[in-house]
Amino acid sequence: MKFQSSAWLAVVMSVLLFAGCTTTGTKEDTSGASVEDRGSSASTSGARDGGAWTGNPLDNPNSLLFTKTIYFDFDQSTIRSEFVDVLRAHAAYLNGNRSVTVLVEGHADERGSREYNIGLGERRANAVKRFLEAEGVDSTQINTISYGEERPAAMGHDDVSWAENRRAVLVY
Amino acid sequence: MKRLFILFLLVGSVLPAHATLTIEITQGLEGALPIAVVPFAWRGEAAKPPAHEVGGVVSADLQRSGRFKPLPVNEMLSRPSRGEDVDFRDWRALNVENLVIGEVSPNGPGGYLVKFFLYDVFRGEQITGYSMPTTARDLRATAHHIADIIYETLTGQPGAFATRIAYVTSVRTGQDKERIELRIADADGYNPQTIVSSDEPIMSPAWSPDGRKLAYVSFENAQPSVWVQEVFTGNRQKLTSFKGINGAPAWSPDGRYLALTLSKDGNPDIFVMDVARRSLRPLTRHWAIDTEPAWAPDGKSLVFTSDRGGQPQIYRVPVSGGPATRVSFEGEYNARASFSPNGRMLTMVTRVGGQYRIATLDLQTRDFRVMSTGRLDESPSFAPNGAMLIYASQINGRGVLAAVSTDGRVQQRLRLQQGDVREPVWSPYHHQERNR
């Protein structure tokens with residue numbers, strides 16, 4: 001074990017005077033989140049020389065299965081409508097491959113207390129698990145874990161990063 | 001709109017050379033007691049002074065408490081180290097009310113004898129004086145004990161300088177990789193020691209009431225588990241590793257029980273474990289998230305966070321179980337409460353206008369105060385004397401520790417050179433620096 005006695009840069013006495021501190025107070029924009037670029041998905045013709053995907057279907061960039069992360073609104077664990085097809089595809093895949101198991105990781109953004117966020121992350125993982133079960137997936141094929149805010153995908157401290165961190169990830 | 005001003009009051013010895021000592025008289029510091037702590041004289045070989053200057057450590061402690069305003073050394077008219085050399089006129093002229101002098105002498109191999117005297121300047125009398133044998137390793141601890149004695153003598157309340165904090169650090173080591181460590185350090189940030197290190201998250205450290213053990217959550221092997229580790233030996237045991245959440249451990253005041261959050265039955269509830277017998281009993285049963293238990297100092301009840309009302313708020317439940325009653329009503333988001341040592345106050349995280357801040361709630365008067373000014377403040381805990389709150393904050397996107405006196409007058413920061421630091425918890429009084 002090594003550590004420096006100088007690991008603490010300084011003990012700084014500070015007095016913070018906030019003069020009319022600006023508050024961004026941005027409400028989560030839930031309606032705008034589902035805007036899709038419908039033109040882009042048709043642009044891959046010819047790239048694969050007409051051949052069918054031969055690798056693991058989970059790795060096929062043209063398959064809904066390629067998407068393994070779904071996102072949630074602030075303080076919510078409801079599956080957003082734009083992810084229903086993705087989860088249905090995963091359910092179909094799991095139903096067709098009964099020996100395959102998936103780990104659903106639930107995550108939260110950094111705001112608020114850490115252990116409450118562990119609870120929130122579990123709620124999100126469970127929401128995905130219940131969705132898959134409702135689509136016929138056997139419960140023994142699905143494991144869940146909540147990382148709360150401990151494993152952020154985006155390192156920023158703003159609305160954009162927070163939106164990327166409120167997520168559930170399917171790990172095969 | 002102008003965003004904020006930050007005025008830094010810098011404490012001498014630990015700062016980079018370009019930072020000057022600036023005593024900023026603000027409204028907050030007006031009530032602080034003027035004191036002078038003269039650098040302690042070294043009576044041994046001039047070429048081999050002790051590694052730490054005791055008087056400087058004492059002075060920094062007293063200043064950090066917010067209750068004292070130490071005179072800068074360069075403003076002192078004289079620097080006595082023995083009673084016969086004190087001329088009280090030198091100190092009256094500077095409006096110093098109390099004076100501390102002292103000396104350090106060699107005392108056998110690796111040993112020192114530290115003497116100090118505390119004077120009332122206007123009466124011209126000695127208030128107290130001690131002679132304390134110590135070692136090179138414990139010299140700073142001795143200085144903190146001296147600060148505790150001075151603080152208690154002059155304020156009537158015990159000091160909390162000879163205590164420690166535990167905290168979690170995180171340093172990025174590569175793409176999607178980080179090193180997470182559970183550390184303990186002296187309450188002024190010195191002597192940091194790593195007691196657990198992992199590539200997986202470590203969370204929620206909690207001191208046992210005797211200060212000898214830490215409970216914490218570790219995600220090693222991709223499964224959250226609650227561990228209890230002896231601080232001085234490193235021996236540790238896994239207490240729970242159920243399916244789902246194993247989190248938020250909190251020791252009962254007698255150290256026999258650990259309250260914790262488990263979701264093994266489907267959703268997070270609070271359980272109480274008899275640590276010796278490893279038996280579990282449920283304390284809450286609710287479909288909501290129930291988590292972050294904390295014991296009242298009398299051990300008769302616990303508070304916890306629950307979103308059973310829609311948003312997270314603080315609830316209280318008797319230790320025997322039964323219905324929980326809501327405690328926090330101010331604000332739309334309150335979480336992670338813990339008690340002050342006298343049981344009269346709670347500190348918690350509260351959301352104010354979209355910002356997460358530290359608040360205190362007086363359980364008798366219902367007085368609710370926001371104590372911090374950050375945007376993402378969390379994890380507050382009281383010092384064992386109830387005079388300070390330590391919490392996690394963020395500056396320029398980096399995790400730092402901050403502390404505020406419970407009267408709100410003084411704030412301080414403890415920053416890591418590299419990476420983030422978070423989840424500070426202040427140790428109880430009875431930790432074992434003398435037995436190290």
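The shown structure was predicted, so the numbers you read here are calculated from the model rather than taken from an experiment. Naming: A, B, ... by sequence-line order, numbering from 1 per chain.
Contacts between B:Val404 and chain A at a heavy-atom distance below 4.5 Å are absent for every atom of the residue. Within the 4.5 angstrom heavy-atom criterion, no atom of B:Ala403 approaches chain A. With a threshold of 4.5 angstrom between heavy atoms, B:Ile245 approaches chain A through its backbone and through its side chain. If you measure heavy-atom distances from B:Thr261 to chain A, you find no contacts under 4.5 Å at all. No part of A:Glu105 comes within reach of chain B, as not one of its non-hydrogen atoms sits under 4.5 angstrom from that chain.
Listed here is the closest heavy atom pair of B:Pro201 and A:Tyr147: CG-CD2, 4.0 Å.
A salt bridge does not link A:Asp158 to B:Arg375: none of the charged nitrogens lies less than 4.0 Å from a carboxylate oxygen.
In terms of heavy-atom pairs under 4.5 Å with chain A, the best-connected choice from B:Thr291, B:Asn267, B:Asp307 is B:Asp307. Of the listed residues (B:Pro268, B:Gly247, B:Ala248, B:Ala222), the one with the most heavy-atom contacts under 4.5 Å to chain A is B:Ala248. Contact count against chain A (heavy-atom pairs under 4.5 Å) is highest for B:Gln394 among B:Met348, B:Arg172, B:Gln394. Comparing B:Ala402, B:Gly397, B:Ala335 by heavy-atom pairs within less than 4.5 Å of chain A, the highest count is held by B:Gly397.
Atom-to-atom distance recorded for A:Ser113:OG and B:Asn334:CG is 10.5 Å, nearest 0.5 angstrom. One finds the NE2 atom of A:His157 at 8.0 Å from the CG atom of B:Leu376 (value rounded to the nearest 0.5 Å). Rounded to the nearest 0.5 Å, atoms NZ (B:Lys243) and CD1 (A:Ile145) are 11.5 Å apart. The distance from atom CD of B:Glu292 to atom CZ of A:Arg114, rounded to the nearest 0.5 Å, is 11.0 Å. If you take CD on A:Glu150 and CD on B:Glu178, they are separated by 8.5 Å, rounding to the nearest 0.5 Å. To the nearest 0.5 angstrom, B:Asp290 atom CG is 10.5 Å from A:Tyr116 atom OH.
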Kindly indicate, with the supporting measurements, whether the criterion side-chain contact (heavy atoms from CB on, under 4.5 Å) is fulfilled by B:Tyr333 and A:Asp75.
CA-CA 11 Å; B:Tyr333 182 113; A:Asp75 208 23; 5.8 Å; no

Worked verdict on A:Glu149 versus B:Glu378 for side-chain contact (heavy atoms from CB on, under 4.5 Å):
CA-CA 13 Å; A:Glu149 62 175 283; B:Glu378 61 182 20; 3.8 Å; yes

Apply side-chain contact (heavy atoms from CB on, under 4.5 Å) to the pair A:Arg111 and B:Arg351, showing each step before the final yes or no.
CA-CA 9 Å; A:Arg111 291 174 291 173; B:Arg351 188 165 71 215; over 6 Å; no

Pair A:Arg151, B:Glu200 - check salt bridge (Lys or Arg N to Asp or Glu O under 4.0 Å), show working.
CA-CA 9 Å; A:Arg151 278 280 162 94; B:Glu200 304 282 337; 3.5 Å; yes

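Side-chain contact check for B:Thr305 and A:Glu115: no donor-acceptor pair (N or O, by modelled atom type) lies under 3.5 Å. Counting only N and O atoms by type, the side chains of A:Glu122 and B:Ser263 include a donor and acceptor under 3.5 Å apart.
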